[in-house]
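Please read all numbers here as calculations on a predicted model, not as lab measurements.
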Amino acid sequence: MEKRSNHQKLEKKEIWYIALPLLLLIPLLVNGNQLYGVFKEESSIIYLNLIMQILIVVFTMAIAIHSWLVFSHLLSNQTLYIGGLFFIIALFEIANIVILGSHTMQTSNINMWLHLLMRLCLAIGVLFIILKPKKRLTMNYRIFTYGVSFLFVMSVLFILSRPPMILQPFIENGNWVYIAREKVHLMAAVLQCVTIYILSRYYKKLPKRVMWLIGAAFYLIFSDLLFVFGKDLHGIWDLLALIYQFYAYHLILKAIYYTSVEKPYQQLLKIKQDLEHSQQELRFQAYHDDITQLPNERLLLKTLKEDLHADSEQKAVIAIEIDRLAAISASIGISYSNKMMKLIAERIQAILPPHYFATKLREGQFVVYIDHVQTQEELLQFCFNLKSAMKNPLQVQLFSLNGNLNIGIALHEEGCSGEELLMHAQLAMREASQIPQRFLFYKPCMSEGMADRIIMEQELHKALANHEFYIEYQPQVNLKTGKIESLEALVRWRHPTRGFVPPDVFIPIAEESGLIIPLGKWILETACYQAKSWEAQGLPQMKVAVNLSLGQLFQQDLVQMVEGILQQTGLKPHHLQLEITESMTMNIDQMTQLLHELKALGIQIAVDDFGTGYSSLSYLKDFPIDCLKIDRAFVRNIQHDPNDEALVSMILSMAKHLRFKVVAEGIEEVAQLAFLIEGGCDYIQGYLFSKPLAAEQLTETFKELHSHAEEILDQFKYVEEYII
């Protein structure tokens, strides 16, 4: 609005500039006779006319010279023709002034014919130039056009000074001059009106240039009319006509100057401003993250390089990452992941102290640089504030995501570079993911295992393609029947050089790298194929239990993937049980919808590691859960720890009232089994009955496993027929 207002003000100013000379008409219309008498008596009008004609020569010659000069850059035919036309008018005006000095009747007639011819050439020439299509010419045309203009003027002057017999009566007879004077001026005025009409059609396209040219044509019309109605050749009205003619040439010169000099200069200024703006944008893009608009790693390292050794103040770097970010991003997609990053950045900036410098790294990590650390408690307080700010879930469209942070803090030491300081904070951040507090100060010992972890992450990407993963199955025994009715699928990694790699080592790396998505799909496919294979081999129909990772729960096509695998393998849905951990149930709204969609397929849902999480138990009534699995950590100590004993008893009692089945994990001793049987537990799994076995080994020893289970349970005389 402001720019538009300024533009309107500029147009009004220019309109006043064009219209102001019209005020000269007022004193002439009011006191024309008195003014005429004054000028007539003092003979001043002649000198004023001469001055105006000299000014007209100056301006017309200026237009001709200006067009000559700018043509070399524009090479426009219109520019060249305007220059040639005004070169003719300038030469005619010069001839007029010279002839005006001779006070004879013949020279007076020649002077008038030159004046009429000049006005007619101007009106016709301008109209011709406007109607002529614009095109580019070569430099050779410049000399040719101005040369033709000069020859035309010389020819006219020669004819007027020595007219042929056929033209002599018209040129030497003054009556013809006065007759032609009125008609030529009226004809010129009509042609100028046509010019105004044609120019008005281009006003929206070229408003400023057209405005000047229409103003010039308007004053030429006034000039022609004043010449027609003037009392004599040297009267006050003729003087005003010359003034308006001069002002018209001034406006034409202004229009040409604007088009050839001012407008290109403004365009150059705009290009310069655009370039400066583009440079600023490129600089901003080079040093800022596209998603969060925070400074990026390049600007962080530049700042660290310039600032770390600038003074003796204690400096620190805090590295921040969202827990399981790679798995979440791979599951919800890049668009939602970017929105999540923006929300996190906003929360960090909202609590950022003035002298803290927040940046965003490519890996989805945030880094805060502090150039003046007073105490370590200050840094710890910021970490607490950050964790509090991320306590509420992040709402990204339909997803409600928990922003659990891992935070690493590194204090600058003498001789440590910016890259090393950043790496130390990132190492501390990775180590923080393994502890409940989720934030740590860097210690030198953290660097020792980092290289091995990076190598393992690279090897993990190749392991799936190289078929290094395999699955073992641990039986789950029904305590009511003594039969093996279900098996838990457990993924294993046999590395070609490292040998057996424990799941608690490679699963966290798989989740961080996003490999858990394809790995989880492979586990589900393999387990379903194997369950169907056992059925084909004549073994009793058994349910297979497969763990879902957090990353898979955020996978957009999880339900479609499970349904597709069931159709592909031919396994009946009620023979598949998917297990989620209690910590995954924090997001109740999203989880409820997802579990109901999975349950609609006909599969069973179990909550693994029940009792280890911190979520509300209210989800038990909202989720379509079939089974609770008691974590081995509680079962291990039920004989020695009254708290664990009480907790397990409570879980068994609660499950009974809510009509959930209960599976106890990690059963290794008969005393543990006795307690669970007495408490009414439904299923158990553990080394007391069987360790996890390969599919072939389980097939071969299936009968022996059954016999072993019956022998153990016979001690309690608790075997009875029971259908799940």
Side-chain angles (χ1 to χ4, degrees), residues 472-490 527 531 534 539-548 572 574-582 603-612 620 623-636 638 644-645 647-693 698 701-702 705-724:
E472 290 185 340
Y473 302 86
Q474 188 170 29
Q476 296 176 344
V477 179
N478 187 330
L479 293 179
K480 307 297 189 295
T481 65
K483 295 180 179 179
I484 300 174
E485 296 182 355
S486 56
L487 302 151
E488 182 178 7
L490 302 168
W534 281 325
L539 270 66
Q541 291 186 344
M542 293 179 292
K543 185 171 51 184
V544 62
V546 179
N547 290 284
L548 287 180
K572 295 179 180 178
H574 64 272
H575 288 155
L576 173 63
Q577 177 175 288
L578 296 179
E579 298 182 356
I580 62 173
T581 61
E582 187 180 1
I603 65 176
Q604 296 194 12
I605 306 294
V607 177
D608 196 10
D609 300 336
F610 186 78
T612 61
L620 293 177
F623 291 168
I625 296 172
D626 300 289
C627 178
L628 299 178
K629 297 186 71 175
I630 303 175
D631 188 73
R632 67 183 70 244
F634 302 115
V635 175
R636 185 185 303 119
I638 55 176
D644 285 346
E645 181 181 338
L647 184 58
V648 172
S649 298
M650 183 194 70
I651 294 173
L652 291 171
S653 176
M654 180 181 61
K656 182 178 181 180
H657 286 86
L658 293 175
R659 298 181 182 180
F660 294 152
K661 299 302 179 187
V662 179
V663 179
E665 298 179 294
I667 308 303
E668 298 180 359
E669 299 177 10
V670 175
Q672 296 169 345
L673 177 61
F675 178 84
L676 294 168
I677 291 175
E678 184 180 352
C681 185
D682 300 296
Y683 298 89
I684 60 168
Q685 75 180 79
Y687 277 49
L688 180 62
F689 288 96
S690 173
K691 65 179 182 179
L693 300 171
L698 192 144
T701 61
F702 190 76
L705 291 172
H706 259 110
S707 300
H708 179 60
E710 290 175 355
E711 289 176 5
I712 296 175
L713 293 177
D714 279 344
Q715 303 176 39
F716 302 93
K717 298 180 181 180
Y718 199 87
V719 178
E720 62 182 50
E721 291 297 325
Y722 183 83
I723 300 176
I724 301 175

Subject >> Check: Asp682 side chain, Val662 main-chain N or O, donor-acceptor pair, under 3.5 Å >> reply: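 Side chain of Asp682 to backbone of Val662: a pair is present.
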Subject >> Expected output: side-chain Ser653 to main-chain Ser649 donor-acceptor under 3.5 Å >> reply: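 Between the backbone of Ser649 and the side chain of Ser653 there is no qualifying donor-acceptor contact (under 3.5 Å).
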Within this structure, what is the [atom1]-[atom2] distance for the pair [X] and [Y], rounded to the nearest 0.5 Å?
| X | Y | atom1 | atom2 | value |
| --- | --- | --- | --- | --- |
| Glu665 | Phe634 | CD | CZ | 11.5 Å |
| Ile667 | Arg632 | CD1 | CZ | 9.0 Å |
| Leu490 | Lys691 | CG | NZ | 13.0 Å |
| Ile651 | Asp631 | CD1 | CG | 9.0 Å |
| Leu628 | Ile605 | CG | CD1 | 12.5 Å |
| Leu647 | Glu645 | CG | CD | 11.0 Å |

Of all heavy-atom pairs between [X] and [Y], which one has the smallest distance, and what is that distance?
| X | Y | value |
| --- | --- | --- |
| His708 | Leu688 | NE2-O, 3.1 Å |
| Glu579 | Ala545 | OE2-CB, 3.2 Å |
| Asn547 | Glu488 | ND2-OE2, 3.0 Å |
| Glu485 | Thr481 | OE2-OG1, 3.4 Å |

Less than 4.5 Å apart, side chain to side chain, heavy atoms only: is that true for [X] and [Y]?
| X | Y | value |
| --- | --- | --- |
| Leu713 | Val477 | yes |
| Ser486 | Gln577 | no |
| Leu539 | Phe702 | yes |
| Lys483 | His706 | yes |

Suppose we screen for side chain to side chain contact (heavy atoms under 4.5 Å, CB included). Which residues come up paired with [X], at least two apart in sequence or across chains?
| X | result |
| --- | --- |
| Ala489 | Ile471, Tyr473, Ala527, Val544, Val546 |
| Leu705 | Pro475, Ile484, Ser690, Leu693, Leu698, Thr701 |
| Ser707 | none |
| Glu472 | Tyr470, Arg492, Pro692 |

**OP:** List for me each residue that meets salt bridge (charged side-chain N to carboxylate O under 4.0 Å, His left out) alongside Asp644, sequence neighbours excluded, and say none if there are none.
**Re:** none
Original post:
Knowing that exactly one of Leu487, Val663, Ile684 qualifies, which makes a side chain to side chain contact (heavy atoms under 4.5 Å, CB included) with Gln476?
Top reply: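 Only one option passes, and that is Val663.
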If you look only at distance, which donor and acceptor atoms sit under 3.5 Å apart when one is on a side chain in residues 669-678 and the other is two or more places apart or in another chain?
| from | atom 1 | to | atom 2 | distance (Å) |
| --- | --- | --- | --- | --- |
| Glu669 | OE1 | Gln639 | NE2 | 3.4 |
| Gln672 | OE1 | Glu668 | N | 3.0 |
| Gln672 | OE1 | Glu669 | N | 3.3 |

**OP:** Have a look at Gln604 and tell me which of His574, His575, Lys661, Lys543 forms a side chain to side chain donor-acceptor pair (under 3.5 Å) with it.
**Re:**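 For Gln604, the side chain to side chain donor-acceptor pair (under 3.5 Å) test succeeds with only one of His574, His575, Lys661, Lys543, which is Lys543.
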